[in-house]
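A short write-up of the structure that comes next.
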Amino acid sequence: MQTLPIKLLSTKILEADIILDAKASDIDIECIPFIQITTLQDTDLNEKLISISNKKIRAIFTSSNAVKALQELLPKPPEWSYSTLEGRTLKSAASYFGPQKNTVTGHDGLSLAKGLVNEGDRVEKFFFCGNKRLDVLPDYLKEHGVQLEEVIVYKNEKIKKTITEKYSGILFFSPSAAKSFYSENPNEVGTLLFAFGESTKKALQTYSRNEIILNDEPNQAAFLEKIKKYFKHE
């Protein structure tokens, strides 16, 4: 049985209401980011965005970071339709483009790619992403004959940080965060790991044999509920 309050480490900054909700359940979450997101500032990229800003294209996102970076680069939203992951990415895209322009969503990259293939829309498709994006979506679309142009709009860079404190569990939200964490910190045997998404879980399995609790719903609130239920039944 865990001693209350339970102390967890999140490898990214969480929304303030998530932290407060956790604390109300005697779960203290300390947020220490292990990756840094920076919007690209590049002449070629700017020219590319200007050249397609007046086209009727489909913008595809698997990260809210890509939506936020695009918004910085194009403050006035183009008249594009869009397809995204559910949860925070969809919320960011709806805020930027407007909710009526959304077409296909998915809970992960593969389900989104399958939805795009099944839809059969021939409109030009552009995948806005970071420099360390996963291959799942573009590979699946390519395998099924769907043309896709990739546009990198942000950089994902490692933050070097050594952790000395002991935690009951560690929260990971991306494969790159897992890689960054374990490049500076040894595996702590027995520490519980929480993975946001299947790709993050697979990455963690390459670094640790510790128990991994998977959350496959693309939002932080669902992730917290998974954590609370685990410790409630510990």
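Worth knowing before you read on, the calculation uses all heavy atoms, side chains too, and leaves out hydrogens, waters and symmetry mates.
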Please tell me whether Phe126 and Phe97 are part of a single hydrophobic cluster in this structure, the criterion being side-chain heavy atoms less than 4.5 Å apart.
yes

Have a look at Ser81 and tell me which of Lys125, Lys101, Lys56, Arg58 forms a side-chain hydrogen bond (donor to acceptor under 3.5 Å, both in side chains) with it.
Arg58

Is a side-chain N or O of Ser53 found less than 3.5 angstrom from the main chain of Ile50, in a donor-acceptor match?
yes

What's the spacing between Leu73 CG and Gln41 CD if we round to 0.5 Å?
5.5 Å

Please find the pair of heavy atoms, one from Ser174 and one from Ile35, that lie closest to each other, and give the distance.
OG-CD1, 3.9 Å

Can you find a pair of side-chain heavy atoms, one from Ile6 and one from Tyr230, that are under 4.5 Å apart?
no

Find out if a path of hydrophobic residues (ILVMFWY) with successive side-chain heavy-atom gaps under 4.5 Å connects Ile170 to Leu192.
no

Main-chain N/O of Glu86 paired to Thr105 side chain as donor or acceptor, under 3.5 Å:
no

Within a 6.0 Å radius of atom NZ on Lys155, are there more than 12 heavy atoms belonging to other residues, nucleotides or ligands?
no

What's the separation between atom CG in Asn65 and atom CD1 in Ile37, rounded to the nearest 0.5 Å?
4.5 Å

When you measure from the side chain of Asn185 to the backbone N and O of Ile163, does any donor-acceptor pair fall under 3.5 Å?
yes

Taking CD in Glu165 as the centre, count heavy atoms belonging to other residues, nucleotides or ligands within less than 6.0 Å. Is the count above 12?
yes

Any side-chain to backbone donor/acceptor pair from Gln220 onto Leu14? Under 3.5 Å, distance only.
no

Under the side-chain contact (heavy atoms from CB on, under 4.5 Å) rule, what do Glu184 and Lys161 come out as? Steps first, then yes or no, please.
CA-CA 6 Å; Glu184 301 295 326; Lys161 190 90 64 174; 5.9 Å; no

With a 4.5 Å cut-off on side-chain heavy atoms, are Tyr167 and Glu188 touching?
no

Specify whether Phe61 and Phe128 have parallel, tilted or perpendicular ring planes, treating 30° as the upper limit for parallel and 60° as the lower limit for perpendicular.
parallel

Would you name the heavy atoms of Ser180 and Ile159 that are closest together and state the gap between them?
OG-O, 3.3 Å

Salt bridge Lys226-Glu217, side-chain N to carboxylate O under 4.0 Å:
no

Under the side-chain contact (heavy atoms from CB on, under 4.5 Å) criterion, do Leu49 and Leu70 qualify, and how do the steps go?
CA-CA 9 Å; Leu49 294 176; Leu70 183 64; 3.9 Å; yes

Using the side-chain hydrogen bond (donor to acceptor under 3.5 Å, both in side chains) rule, take Asn187 and Ser208 through it: C-alpha gap first, then chi angles, then the decisive distance, then the call.
CA-CA 6 Å; Asn187 180 43; Ser208 174; 2.9 Å; yes

Which atom pair, heavy atoms only, marks the closest approach of Leu204 to Ala178?
CD2-CB, 3.7 Å

Show the numbers, then the answer: is there a salt bridge (charged side-chain N to carboxylate O under 4.0 Å, His left out) between Asp21 and Lys228?
CA-CA 10 Å; Asp21 189 355; Lys228 289 196 290 187; 3.2 Å; yes

Do Lys48 and Glu149 meet the salt-bridge criterion of a basic N to acidic O distance under 4.0 Å?
yes

Say you draw a straight line from OG1 of Thr103 to CG of Leu116; how long is it, rounded to the nearest 0.5 Å?
6.5 Å

For the CD atom of Glu150 and the CZ atom of Arg133, what is their distance to the nearest 0.5 Å?
4.0 Å

Taking C-beta and beyond as the side chain, do Phe194 and Asn215 meet within less than 4.5 Å on heavy atoms?
no

Set out, in order, the CA-CA distance, both residues' side-chain angles and the distance that settles side-chain hydrogen bond (donor to acceptor under 3.5 Å, both in side chains) for Asp108 and Ser111, then state yes or no.
CA-CA 6 Å; Asp108 59 17; Ser111 63; 2.9 Å; yes

I would like to know whether Glu79 and Asn54 meet side-chain contact (heavy atoms from CB on, under 4.5 Å); could you show each step before the answer?
CA-CA 7 Å; Glu79 292 295 319; Asn54 293 318; over 6 Å; no

I need the Phe34 CZ to Ser10 OG distance, nearest 0.5 Å.
10.0 Å

Are any of the side-chain heavy atoms of Lys179 and Lys132 separated by less than 4.5 Å?
no

Any donor-acceptor pair under 3.5 Å linking the side chain of Ser25 with the backbone of Ile27?
no

May I have the step-by-step check of side-chain contact (heavy atoms from CB on, under 4.5 Å) for Asn102 and Tyr82, ending in yes or no?
CA-CA 5 Å; Asn102 180 49; Tyr82 61 89; 3.4 Å; yes

Taking Thr89's backbone N and O only, do any of them form a donor-acceptor pair with Ser64's side chain (distance below 3.5 Å, no angle check)?
no

Do Val146 and Val136 land in one hydrophobic cluster if side-chain heavy atoms of ILVMFWY residues count as linked below 4.5 Å?
yes

For the residue pair Phe223 and Phe196, categorise the inter-ring angle as parallel (less than 30°), tilted (30 to 60°) or perpendicular (more than 60°).
perpendicular

Of all heavy-atom pairs between Asn131 and Asn156, which one has the smallest distance, and what is that distance?
OD1-N, 2.6 Å

Minimal heavy-atom distance between Pro33 and Ile13, with the atoms involved, is CD-CD1, 3.8 Å

Side chains of Gln147 and Glu124: does their closest heavy-atom pair fall under 4.5 Å?
no

Is the backbone of Leu171 close enough, under 3.5 Å, to the side chain of Thr11 for a donor and an acceptor to pair up by distance?
yes

Quick one: CG on Leu214 to NZ on Lys202, what's the gap to the nearest 0.5 Å?
10.5 Å

Is Val151 reachable from Leu85 through a run of I, L, V, M, F, W or Y residues, each pair having side-chain heavy atoms under 4.5 Å apart?
no

Are Arg88 and Asn219 packed together at the side-chain level, in the sense that at least one heavy-atom pair is separated by less than 4.5 angstrom?
no

Membership question, hydrophobic clusters at under 4.5 Å side-chain separation (ILVMFWY): are Leu8 and Ile19 in the same one?
yes

Thr206 versus Tyr182: any side-chain heavy-atom pair under 4.5 Å?
no

Is any side-chain heavy atom of Ile60 closer than 4.5 Å to a side-chain heavy atom of Leu112?
yes

Closest heavy-atom pair, Leu141 versus Ala113, reported as atoms and distance to 0.1 Å, is CD2-O, 3.6 Å

